[in-house]
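Starting from 1, each residue takes its place in the sequence as its number. Atoms considered below: every heavy atom in the structure, side chains included; atoms not considered: hydrogens, waters and symmetry mates.
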Amino acid sequence: VADHHLLKSYKTENFAEALELANKVGALAEEEGHHPDLHVRWGELKIEIWTHKVDGLTEADFVLAAKIDQIRS
């Protein structure tokens with residue numbers, strides 16, 4: 001988002017699947033020491049990543065995004 005945030009939405013079959021995905025992403029984020037904003041709703045998980053310390057994007061943001069994509073595939 002405007003070279004400041006990474007934003008992606010994952011469609012799911014229902015709320016339970018969105019919540020399950022959020023929990024997997026949360027566990028990965030905790031391992032990485034990087035904590036995205038997660039928005040769970042029926043049929044969707046939205047993930048927003050950026051580094052608060054620099055108020056923008058770092059290489060770690062892109063690494064986390066790639067690892068999240070691997071969870072979903």
Side-chain angles (χ1 to χ4, degrees):
V1 177
D3 296 328
H4 194 268
H5 293 129
L6 300 175
L7 180 63
K8 188 160 186 180
S9 176
Y10 294 91
K11 299 297 181 191
T12 63
E13 294 295 319
N14 51 49
F15 183 80
E17 188 178 308
L19 185 57
E20 181 181 347
L21 180 56
N23 285 326
K24 289 178 182 178
V25 169
L28 171 64
E30 196 62 29
E31 288 174 15
E32 297 289 318
H34 202 51
H35 304 99
D37 290 347
L38 305 177
H39 180 82
V40 180
R41 56 189 259 167
W42 194 97
E44 182 178 29
L45 172 64
K46 289 184 183 179
I47 303 172
E48 189 171 7
I49 301 171
W50 80 99
T51 299
H52 298 270
K53 186 181 264 185
V54 300
D55 195 31
L57 295 170
T58 67
E59 184 177 341
D61 298 309
F62 293 95
V63 170
L64 180 60
K67 288 181 177 184
I68 291 170
D69 274 341
Q70 289 177 353
I71 288 174
R72 187 61 172 149
S73 57

* Asked: Which residues pass the side-chain hydrogen bond (donor to acceptor under 3.5 Å, both in side chains) test with Asp55, sequence neighbours left out?
  -> His4
* Structure fact -> Note: Trp42 and Phe15 closest approach over all heavy atoms is CD1-N, 3.6 Å
* Determine the sole option in Glu59, His34, His5 for which the side chain to side chain contact (heavy atoms under 4.5 Å, CB included) test with Thr51 is passed. => His34
* **Test item: Thr12 side-chain N/O and Asn14 main-chain N/O as donor-acceptor pair under 3.5 Å** => yes
* **Atom pair CH2 (Trp50) and CG (Leu7), whose distance is rounded to the nearest 0.5 Å** => 10.0 Å
* Check side-chain hydrogen bond (donor to acceptor under 3.5 Å, both in side chains) between Lys46 and all other residues, then give those that pass, not counting sequence neighbours. => none
* Asked: Can you list every pair that meets salt bridge (Lys or Arg N to Asp or Glu O under 4.0 Å) and has a residue in residues 32-45, with sequence neighbours left out?
  -> Lys11-Glu44, Glu32-Lys67, Arg41-Glu44
* Give every residue pair that meets the salt bridge (Lys or Arg N to Asp or Glu O under 4.0 Å) criterion with at least one member in residues 14-29, sequence neighbours excluded. => Glu17-Arg72, Glu20-Lys24
* What's the shortest heavy-atom distance between Val40 and Ala22, and which atoms? -> CG2-CB, 3.6 Å
* Asked: Rounded to the nearest 0.5 Å, how far apart are CD1 of Ile49 and CG of Asp61?
  -> 6.5 Å
* Quick one: does Glu30's side chain get under 4.5 Å of His35's, heavy atoms only? -> yes
* Determine the minimum heavy-atom distance between Pro36 and Val25, stating which atoms define it. => CG-CG1, 4.4 Å
* Asked: side chain to side chain contact (heavy atoms under 4.5 Å, CB included) between Lys8 and Asp69: does it pass, once the steps are laid out?
  -> CA-CA 10 Å; Lys8 188 160 186 180; Asp69 274 341; 2.8 Å; yes
* Structure fact -> One should read off an interatomic distance between Leu21 CG and Ile68 CD1, to the nearest 0.5 angstrom, of 8.5 Å
* Mind running side chain to side chain contact (heavy atoms under 4.5 Å, CB included) on Ile71 and Leu28 for me, showing each step along the way? => CA-CA 9 Å; Ile71 288 174; Leu28 171 64; 3.7 Å; yes
* Not counting sequence neighbours, which residues clear side-chain hydrogen bond (donor to acceptor under 3.5 Å, both in side chains) with His39? List them please. => none
* Asked: Taking only residues two or more places apart in sequence, or in another chain, which ones meet Glu31 in a side-chain hydrogen bond (donor to acceptor under 3.5 Å, both in side chains)?
  -> none
